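A quick write-up on the structure given underneath.
Since the structure is predicted, the reported quantities are computational estimates derived from the model, not experimental observations. Quick note: residue numbers are just sequence positions, from 1. For ligands, and for the atoms within them, numbers begin at 1 and follow the listed sequence.
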Amino acid sequence: MKKTLFLASALALTLSASAQTELRTSSKDSYVIPAEIYGQFAEHLGRCIYNGIWVGKDSKIPNQDGYRTDVFNALKDLQIPVLRWPGGCFADTYHWRDGVGPTKDRPAIKNVFWGGTMEDNSFGTDEFFTLCEKLGCKTYLSVNVGSGTVKDMNDWLEYITGTQDCPNVNYRKQNGREKPYKIDYIGIGNESWGCGGNMRPEFYADLYRQYSGYAHLYSNNTYPKRVASGSNDFDYNWTETLMKRAGNNMEHISLHYYVLPIRDWNGSKGPDRGFAEDQYFGVIRDGYKMDELVKGHIDIIAKYNKNVKLDVDEWGIWTDQEQGSIPGHLYQQNTLRDAILASTTFDIFHKYADRLGMCNIAQVVNVLQAMVLTKDDKMVLTPTYHVFKMYAVHQNAEYIPMDFKSPKYTFNGESINALSSTLSKKDGVYHLTLTNVDPKNKQTVTLNLSEIKATAMNKAEIITSAKFNDYNSFENPETIKIKPFNGASVKKGVLTVELPPMSIVTVEMK
Ligand code: AHR
């Protein structure tokens with residue numbers, strides 16, 4: 001829902017980062033930030049599902065009906081709005097019948113994309129939809145286009161959503177589920193230009209038209225929101241071709257963008273920790289490219305169908321795996337750098353939130369830029385988890401655009417914005433989130449409260465640490481977490497925030 005902000009109505013803001021920062025006001029549109037921007041992704045990859053979300057009922061690790069208790073509670077606390085499953089590349093190898101029915105009868109499969117690991121299929125369709133119901137989140141199902149058929153997809157949709165008396169629905173009931181489940185989003189293939197079938201955009205567009213035409217819910221014969229498999233980062237031709245040929249057959253189109261410390265998909269991507277400033281700077285710089293990317297793709301989409309939303313349904317940092325971890329399992333540690341990448345990326349998503357449908361960080365547990373990491377019966381919350389938790393205040397809040405001239409963070413002669421920010425309002429309460437990416441210099445930010453009709457500050461919180469490669473280990477799980485912050489104060493109606501180097505701060509005002 002869009003509405004124009006009138007400067008005269010005192011929603012014009014002044015935000016300054018230092019004495020030298022130019023103060024400006026914004027006349028841009030305001031809108032509601034969809035909660036789905038804070039979405040998650042759970043793929044059958046490494047220890048994301050097995051030993052992450054799911055340990056099975058007979059495990060010694062505390063669980064509720066097979067769902068790992070500590071992980072479930074941490075995710076429940078995060079207010080996850082939507083969860084994508086079963087992949088990723090895995091989705092285009094997945095045959096749903098392998099994962100339903102009595103567990104002992106389910107066939108084992110080899111996860112060919114991710115380390116060749118054998119999986120017993122004890123986590124399948126019923127376990128996924130039940131998990132989403134327990135978490136209270138929307139469901140995003142990726143269907144197999146690469147190695148499946150339209151009939152497989154239809155049988156699966158009938159199993160999940162059907163109400164009539166027929167074999168697929170009766171099978172679901174026999175498996176213990178009377179009522180249909182709810183599918184909110186359906187992804188028609190994944191990375192169809194790569195692991196999902198190596199297709200040309202023209203070929204995929206035709207296939208997409210065929211699959212999407214049958215991708216209806218059996219409960220009421222309507223479509224869930226259909227997500228076309230979109231581009232890899234800067235491949236604008238993929239988006240253009242797909243929109244031109246199938247833009248009227250979709251509600252959403254996706255985009256995948258990963259930040260690699262060393263942009264070499266075939267070689268070393270750079271370590272997950274112990275890196276120097278070049279790889280800190282490079283990651284934050286490349287994270288900022290999300291702005292150009294989102295804008296580039298939504299401009300193309302708008303040429304063909306303004307109603308189609310962009311979903312960044314895979315994003316985050318992709319480093320080398322932790323040394324000694326199982327090849328292909330993409331297990332990496334998570335540092336303060338990654339938390340700053342998350343907060344600055346959210347600021348970009350908020351800026352385009354009227355054109356974004358959802359975003360899903362990769363991935364929720366034990367894979368890439370994860371929310372939580374597990375080791376045997378231990379679990380840690382990552383710095384990125386704390387950013388998601390801190391930023392949850394922006395979910396479904398009114399975005400209030402700001403203009404400000406950021407000071408610069410310069411490294412080796414290259415400069416990027418040192419300051420990134422979002423202001424939003426919900427139920428009469430304002431939240432200002434600020435990130436100072438500069439590892440050496442503090443930043444001072446001021447905001448005149450009268451300009452947003454606020455009168456006082458309620459509280460302020462901070463995420464920071466001494467070094468950009470600090471992380472939460474199983475031995476020291478609380479190195480980085482949300483702490484109360486005393487560097488923000490209001491005097492004579494002006495909020496002043498003294499942001500330490502490498503910090504993420506939220507100030508609540510009313
Ligand atoms: O998230 C890991 C992988 O990255 C996904 O399976 C795939 O879609 C992407 O290439």
Hey, which atoms in ligand 1 end up nearer than 4.0 Å to a heavy atom of [X]?
{"X": "F41", "answer": "1 (O)"}
{"X": "G88", "answer": "5 (C), 6 (O), 8 (O)"}
{"X": "L368", "answer": "1 (O), 2 (C)"}
{"X": "Q363", "answer": "1 (O), 2 (C)"}

message = Can you give me the closest heavy-atom contact between S59 and N63, atom names plus distance?
response =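 Scanning both residues, the minimum pair turns out to be O-ND2, 3.6 Å.
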inquiry  = Testing the basics here: between S421 and L434, what is the closest heavy-atom pair and its distance to 0.1 Å?
reply    =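 The answer is OG-CD2, 3.4 Å.
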task = Measure the distance from atom 9 (C) of ligand 1 to every protein heavy atom, then report the residue, atom name and distance (to 0.1 Å) of the closest one.
result =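 Nearest neighbour among protein heavy atoms for atom 9 (C) of ligand 1, to 0.1 Å: E314 OE1, 3.0 Å.
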Closest approach of any protein heavy atom to atom 10 (O) of ligand 1, naming residue and atom =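 Of every protein heavy atom, E191 OE1, 2.7 Å lies nearest to atom 10 (O) of ligand 1.
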ask   = For atom 1 (O) of ligand 1, which candidate among W114, W318, Y258 provides the closest heavy atom?
value =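 Ranked by closest heavy atom to atom 1 (O) of ligand 1, first place is Y258.
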query = Judged by modelled atom types alone, do Y409 and N436 share a side-chain donor-acceptor pair under 3.5 Å?
reply =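 No pair is found: no donor N or O on one side chain lies under 3.5 Å from an acceptor on the other.
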request  = Establish, yes or no, whether a centroid distance under 6.0 Å links the rings of F346 and F388.
outcome  =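 Yes, close enough.
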query = Does a salt bridge link K303 with E240, judged by any charged N lying under 4.0 Å from a carboxylate O?
reply =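 Result for this pair is yes, salt bridge flagged.
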query = Is any NZ, NE, NH1 or NH2 atom of the basic residue among K309 and E251 found under 4.0 Å from an Asp or Glu carboxylate oxygen of the other?
reply =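 Salt bridge between K309 and E251, a charged N being under 4.0 Å from a carboxylate O: no.
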query = Does C89 reach ligand 1 with a nitrogen or oxygen that is under 3.5 Å from one of the ligand's nitrogen or oxygen atoms?
reply =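 Among all N and O atoms of C89, at least one is under 3.5 Å from an N or O of ligand 1.
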